[in-house]
Amino acid sequence: MSQVARAYEAVIGLEVHAQLLTRSKAFCSCSTAFGAPPNTHVCPTCIGLPGALPVLNGEAVAMAVRTALALGCTLRTPSRFARKNYFYPDLPKGYQISQFDEPFSERGHLDIEIAPANAAEKSDAPRAMKRIGITRVHMEEDAGKNLHDRGDSSIVDLNRSGVPLVEIVGEPDLRSGHEAAEYLRTLRDILVFLGVNDGNLEEGSFRCDANVSIRPVGETKLGTRAELKNINSFRFVEKAINFEIERQEAVLSSGGRVVQETRGWDENKGTTFSMRSKEEAHDYRYFPDPDLPPLVLEDAFVERVKATMPELPRDKRARFVDEMKITPYAAHVLTQHPRVAAFFEEAATLHGDAVRVANFIQSEVLRDVTTHGLAAEIPVSATQIAALMGLVDSGKISGKQAKEVYAKMAKTDDAPETIVAALGMQQVTDVGAIEAICKRIVDANPKQAEALRGGKTALMGFFVGQVMKETKGSASPAVVNDALKKLLGT
Ligand code: ADP
Ligand code: MG
Ligand code: ZN
């Protein structure tokens with residue numbers, strides 16, 4: 001990197017909009033289901049007919065409070081809903097109900113882990129922790145959606161209008177595109193584990209605006225920022241921010257000034273582009289919504305929310321490492337999704353050896369798992385995995401055969417015992433038969449046998465391998481080891 005590039009530091013603050021997973025909308029009883037025909041989940045309230053009154057959805061409040069508590073925010077009660085006024089076809093009321101100067105929560109934090117530079121992906125190396133401030137979490141409603149793919153004209157679909165959102169505003173504590181992507185991943189995982197959001201960037205239920213500025217190293221005042229709008233993947237967030245940092249560095253080092261503006265991300269060109277400048281920025285004329293009373297969070301309500309807080313991803317990872325003795329990397333992989341974590345934990349508990357269950361799930365099962373939002377498709381049950389590994393423990397089948405049985409089980413959903421019987425699969429534990437094979441192998445390899453007897457114990461692996469090859473992996477490793485030890489006098 002050049003001298004110039006090192007003279008500046010980047011400052012990034014993210015605003016995240018996350019859709020709350022309630023069944024009905026924030027202020028009416030219309031369904032929030034995704035993918036229905038346009039304008040079929042609408043009523044006078046969410047299409048903004050004059051005189052229709054909003055009634056706040058208590059479940060949305062519970063989910064919003066759960067989010068704020070998980071982020072260590074302080075709750076404000078009462079808080080207030082405000083009207084954010086602007087004109088756009090997808091907003092028939094002419095205002096969005098949001099919270100402004102009296103949000104229901106503020107001053108929290110999110111701890112992100114930064115992998116050491118050039119650490120391998122699968123590394124168990126301890127990661128540095130960085131705490132990012134959360135300015136506030138507030139509730140608001142979503143707008144509708146303009147659809148431009150319906151023939152000659154565009155239509156407005158108001159199914160999404162009035163769907164409850166939380167906006168999570170972060171402090172400008174992030175210093176690179178990589179940190180920003182890490183913050184978003186961590187936040188997304190927390191919301192998914194909380195069950196309040198499906199974490200789906202492509203469908204727009206988790207959206208991010210990134211504010212990016214740079215300043216000379218050592219400067220404490222914030223520089224002028226550009227706001228990057230609605231980037232719908234973690235990878236693009238990182239790329240867009242890094243591009244924007246370099247763009248601003250080039251502007252400043254050539255003597256120019258960064259202008260405050262909203263910019264978009266062009267995926268194809270890999271560049272950001274100007275959408276509108278500050279002069280065109282909105283003045284939203286916020287004022288308290290006279291149709292909604294102040295929101296009071298009673299102690300009993302907050303206590304109920306606290307009592308239903310699920311275990312968060314980081315706590316789960318720590319517990320898997322401490323109590324179940326799996327590696328930090330394995331814990332990371334197995335806590336990527338709440339359903340996968342629950343599946344692993346159940347199988348490990350049923351079977352008893354968490355490390356082996358973790359290895360088996362990682363090496364065999366995970367490649368067959370697909371997740372979509374909060375749902376996960378896992379082709380086998382925890383009971384089946386525990387039973388399968390039990391067959392290995394009891395010497396019925398070998399570890400190698402277990403993989404074969406798993407592959408069948410993933411397709412047929414049969415019990416492992418059924419598959420083992422159907423395939424005529426039995427681990428060979430007949431001591432006499434195995435001893436005979438071992439003797440043949442030892443006789444066929446006199447040089448190696450002599451070297452092993454002379455102390456080259458590593459050659460044991462060679463003999464075990466030969467026997468396994470001969471028996472196509474069906475010999476019981478324990479019996480093979482015993483037989484070889486006897487023959488080779490080690
Ligand atoms: P708005 O974008 O609605 O005007 P704010 O001014 O409160 O709202 O800022 C929103 C976000 O922008 C926050 O996440 C904050 O951390 C971030 N931010 C504010 N100023 C800067 C800056 N100079 N550089 C980078 N991020 C900034
Ligand atoms: Mg903003
Ligand atoms: Zn409605």
Side-chain angles (χ1 to χ4, degrees), residues 8-17 22-33 36 39-49 52-57 60 71 82 84 86 92-93 96-101 103 106-110 132-138 140-144 157-164 167-177 179-180 183-184 187 207-216 219-230 237 240-241 244-245 248 252 257-263 275-276 278 280-284 286:
Y8 296 101
E9 77 169 346
V11 175
I12 302 140
L14 302 184
E15 295 163 272
V16 167
H17 287 90
T22 55
R23 267 173 303 169
S24 57
K25 294 187 180 180
F27 302 107
C28 63
S29 58
C30 292
S31 165
T32 56
N39 300 311
T40 53
H41 294 165
V42 293
C43 74
T45 300
C46 59
I47 66 173
L49 294 189
L53 288 174
V55 177
L56 181 58
N57 179 341
L71 297 172
K84 179 179 181 178
Y86 64 94
K93 285 202 300 289
Q96 177 193 26
I97 303 176
S98 181
Q99 295 195 298
F100 181 51
D101 50 356
E106 52 209 341
R107 293 188 308 279
H109 55 82
L110 179 68
I132 309 299
I134 300 286
T135 316
R136 55 192 271 157
V137 178
H138 71 246
E140 58 186 35
E141 61 175 342
D142 211 344
D157 175 10
L158 295 175
N159 284 348
R160 208 179 65 182
S161 168
V163 162
E167 175 169 346
I168 301 158
V169 182
E171 289 289 302
D173 292 342
L174 300 158
R175 293 291 173 268
S176 68
E179 284 187 10
Y183 170 92
L184 280 180
L187 180 57
R207 312 193 281 270
C208 159
D209 300 335
N211 297 273
V212 181
S213 66
I214 61 170
R215 63 184 171 194
E219 173 64 65
T220 51
K221 262 192 10 233
L222 293 174
T224 306
R225 70 181 146 134
E227 184 167 356
L228 310 180
K229 275 290 179 197
N230 282 330
V237 163
I241 290 173
E244 185 56 24
I245 293 168
Q248 293 184 12
L252 290 194
R257 285 180 44 224
V258 173
V259 295
Q260 187 169 340
E261 62 183 348
T262 303
R263 297 178 71 87
M275 289 166 73
R276 56 176 183 267
K278 199 191 174 193
E280 303 158 60
H282 290 120
D283 177 355
Y284 295 115
Y286 282 98

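Counting starts at 1 for both ligands and their atoms, following the listed order. Source: prediction; values computed, not measured.
Below 4.0 Å from some heavy atom of Leu14 lie the following atoms of ligand 1, by number and element: 14 (O). Taking every heavy atom of Gly223 and a limit of under 4.0 angstrom, the matching atoms of ligand 1 come to 23 (N). Each of the following atoms of ligand 1 lies closer than 4.0 Å to a heavy atom of Val169: 13 (C), 14 (O). The ligand atoms of ligand 1 that sit less than 4.0 angstrom from a heavy atom of Glu227 are 2 (O).
Here the CD atom belonging to Glu9 is positioned 11.0 Å from the OG atom belonging to Ser176, to the nearest 0.5 angstrom.
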Exercise for the section: Report the C-alpha separation of Ser161 and Val42 in whole Å, then their side-chain angles, then the decisive distance to 0.1 Å, and conclude whether the side chain to side chain contact (heavy atoms under 4.5 Å, CB included) test is met. Expected result: CA-CA 8 Å; Ser161 168; Val42 293; over 6 Å; no
Practice task
Report the C-alpha distance between Ile245 and Ile12 in whole Å, list the side-chain angles of each, state the deciding distance to 0.1 Å, and finish with yes or no for side chain to side chain contact (heavy atoms under 4.5 Å, CB included).
Solution key: CA-CA 10 Å; Ile245 293 168; Ile12 302 140; 4.3 Å; yes
Exercise for the section: List the steps and the verdict of side chain to side chain contact (heavy atoms under 4.5 Å, CB included) for Arg257 and Thr224. Expected result: CA-CA 9 Å; Arg257 285 180 44 224; Thr224 306; over 6 Å; no
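Results of the side-chain contact (heavy atoms from CB on, under 4.5 Å) test with Val212 over Arg225, Glu244, Arg263 single out Glu244 as the only residue that passes.
Listed by chain and number, the residues in a salt bridge (Lys or Arg N to Asp or Glu O under 4.0 Å) with Glu140 amount to none (sequence neighbours excluded). Here Glu171 pairs with nothing under the salt bridge (Lys or Arg N to Asp or Glu O under 4.0 Å) rule; sequence neighbours left out. Judged as a salt bridge (Lys or Arg N to Asp or Glu O under 4.0 Å), and not counting sequence neighbours, the contacts of Glu141 are Lys93.
Contact annotation for Glu171 and ligand 1: only backbone heavy atoms (N, CA, C, O) come within less than 4.0 Å of the ligand. Contacts with ligand 1 closer than 4.0 Å are made by no heavy atom of Asp209, backbone or side chain.
Considering backbone and side-chain atoms alike, Thr224 places every N or O at 3.5 Å or more from each N or O of ligand 1.
Residue nearest to atom 25 (C) of ligand 1, selected from Leu174, Val16, Val11: Val11 (by heavy-atom distance). Residue nearest to atom 16 (O) of ligand 1, selected from Gly133, Ala10, Ala210, Gly170: Gly170 (by heavy-atom distance). The residue among Lys84, Arg225, Glu15 with a heavy atom at the shortest distance from atom 4 (O) of ligand 1 is Arg225.
By the 4.5 Å heavy-atom criterion applied to side chains, Asp157 and Asn39 are counted as neighbours.
The number of protein N/O/S atoms found under 2.8 Å from the Zn ion (ligand 3) is 4.
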